[in-house]
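Worksheet: one structure, shown below.
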Amino acid sequence: MQFLERIVDMIDGCNNKIGRFVGWLCTFMVLIVFYDTVMRYAFNHGNVALQELEWHVFAVVFLLGGAYTLKEGGHVRVDILFINFSERTKAWVDFLGSLIFLIPFCIVVIYSTQKFVGNSWAVREISPDPGGLPARYLLKAMIPAGFFLLIVQGISETIKNLFVLVGYQRKGDQK
């Protein structure tokens, strides 16, 4: 069990760092949107590259932040039912949900985006808009990267739920 604890700690630690990075990206995105809005409406000066940067940063926040959101329990669920479950029942629901839905779905997304991302890298895809951003292939590479992080965090959450199901008390969970 200590080996599994180390795996959980390593995965959670990695996604904590990524979560902090994504938090700073959110701040950066707000500043970009603020600047772009002021420039467009106060000075009548738009910038295609800046507008694309806004949605590129948002996409990175969404894709890389998903694993951290899962770790922190901020994902969407039917709380009206879940809140009344015992800790053991919650662990079963999350354990089975991760094994049956989360991890297989992430694998399907990664597999199905291989050609999409690969083709983008092969041609070094850029924005089709005049004045748009180069290196759109980097943004597209965030799709499998984000879902890989989600798989890894799903494994961590599955292990944590396994601990609950077998009655194992982690060192960090002692109260």
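In what follows, every heavy atom counts, from backbone to side chain, and hydrogens, waters and symmetry copies are set aside.
- Counting all heavy atoms, side chain and backbone alike, Ala135 lies closest to Ile126 at N-CG2, 3.9 Å.
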>> One pair to check against side chain to side chain contact (heavy atoms under 4.5 Å, CB included): Asn47 and Met39. What are the steps and the verdict?
In response: CA-CA 9 Å; Asn47 185 327; Met39 292 304 291; over 6 Å; no
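- With contacts defined as side-chain heavy-atom distances shorter than 4.5 Å, the pair Pro128/Arg136 qualifies.
- No option in Lys71, Lys160, Lys17 other than Lys160 meets the salt bridge (Lys or Arg N to Asp or Glu O under 4.0 Å) test with Asp12.
- Atoms CG and CE, from Leu64 and Met142 in turn, are 5.5 Å apart once rounded to the nearest 0.5 Å.
- Qualifying ring pair (Phe, Tyr, Trp, His ring centres under 6.0 Å) partners for Trp55, counting only residues two or more places apart in sequence or in other chains: none.
- The shortest side-chain heavy-atom distance between His45 and Arg40 does not fall under the 4.5 Å cut-off.
- Checking side-chain atoms of Thr69 against main-chain N and O of Gly65 turns up a donor-acceptor pair under 3.5 Å.
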> Which is it for Asp9 and Arg170 under the salt bridge (charged side-chain N to carboxylate O under 4.0 Å, His left out) test, yes or no, and what are the steps along the way?
Replying inline: CA-CA 11 Å; Asp9 291 342; Arg170 289 179 63 203; 2.7 Å; yes
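- Tyr68 and Val60 fall into different hydrophobic clusters, defined by Ile, Leu, Val, Met, Phe, Trp and Tyr side-chain heavy atoms under 4.5 Å apart, directly or through other members.
- The environment of Phe58 atom CZ is sparse: at most 12 non-hydrogen atoms of other residues, nucleotides or ligands sit within 6.0 angstrom.
- Annotation: the span from Leu25 atom CG to His56 atom NE2 amounts to 13.5 Å, rounded to 0.5 Å.
- Looking at Thr113, its side chain does come within 3.5 Å of a backbone N or O of Ile110 through a donor-acceptor pair.
- No donor-acceptor distance shorter than 3.5 angstrom exists from the side chain of Asp129 to the backbone of Gly132, with no hydrogens or angles considered.
- Taking the side chain as every heavy atom from C-beta outward, Asn16 and Glu72 approach each other to under 4.5 Å.
- One distance of note links SG of Cys26 with CG of Leu31; it measures 11.5 Å at 0.5 Å rounding.
- No option in Thr89, Asp94, Leu96 other than Leu96 meets the side-chain contact (heavy atoms from CB on, under 4.5 Å) test with Trp92.
- With rounding to the nearest 0.5 angstrom, the CG atom of Leu162 is 7.0 Å from the CG atom of Leu4.
- Remark: Phe116 CZ to Glu125 CD distance equals 7.0 Å, nearest 0.5 Å.
- Side chains of Leu102 and Leu70 form a contact here, defined as non-hydrogen atoms less than 4.5 Å apart.
- If you chain together hydrophobic residues whose side chains sit under 4.5 Å apart, Phe3 and Ile11 fall into the same group.
- When every heavy atom of Val8 is checked against every heavy atom of Ser156, the shortest pair comes out as CG1-OG, 3.6 Å.
- Between Phe163 and Tyr168, the angle of the ring planes lies from 30° to 60°, which puts this pair in the tilted group.
- Proximity of Pro144 to Val117: side-chain heavy atoms (C-beta onward) are separated by under 4.5 Å at one or more points.
- At a threshold of 4.5 Å between non-hydrogen side-chain atoms, the residues Phe147 and Leu63 count as touching.
- Side-chain contact check for Val123 versus Asn119: every heavy-atom pair is 4.5 Å or farther apart.
- Looking only at atom types and distance, the side chain of Glu157 has no donor-acceptor partner in the side chain of Ser98 under 3.5 Å away.
- Grouping the Ile, Leu, Val, Met, Phe, Trp and Tyr side chains by contacts below 4.5 angstrom, directly or via other members, places Val164 apart from Phe95.
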> Going through the distances and angles, do Leu53 and Phe28 end up as a side chain to side chain contact (heavy atoms under 4.5 Å, CB included)?
Replying inline: CA-CA 10 Å; Leu53 183 60; Phe28 178 62; 4.3 Å; yes
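- Across Leu149 and Ala67, no two heavy atoms sit closer than the pair O-CB, 3.4 Å.
- The line from NZ of Lys90 to CG of Leu165 is 13.5 Å long, rounded to the nearest 0.5 Å.
- Ile151 and Leu99 fall within the same hydrophobic cluster, where Ile, Leu, Val, Met, Phe, Trp and Tyr residues are linked whenever their side-chain heavy atoms come under 4.5 Å apart, directly or through other members.
- More than 12 non-hydrogen atoms from other residues, nucleotides or ligands lie less than 6.0 angstrom from CZ of Phe85.
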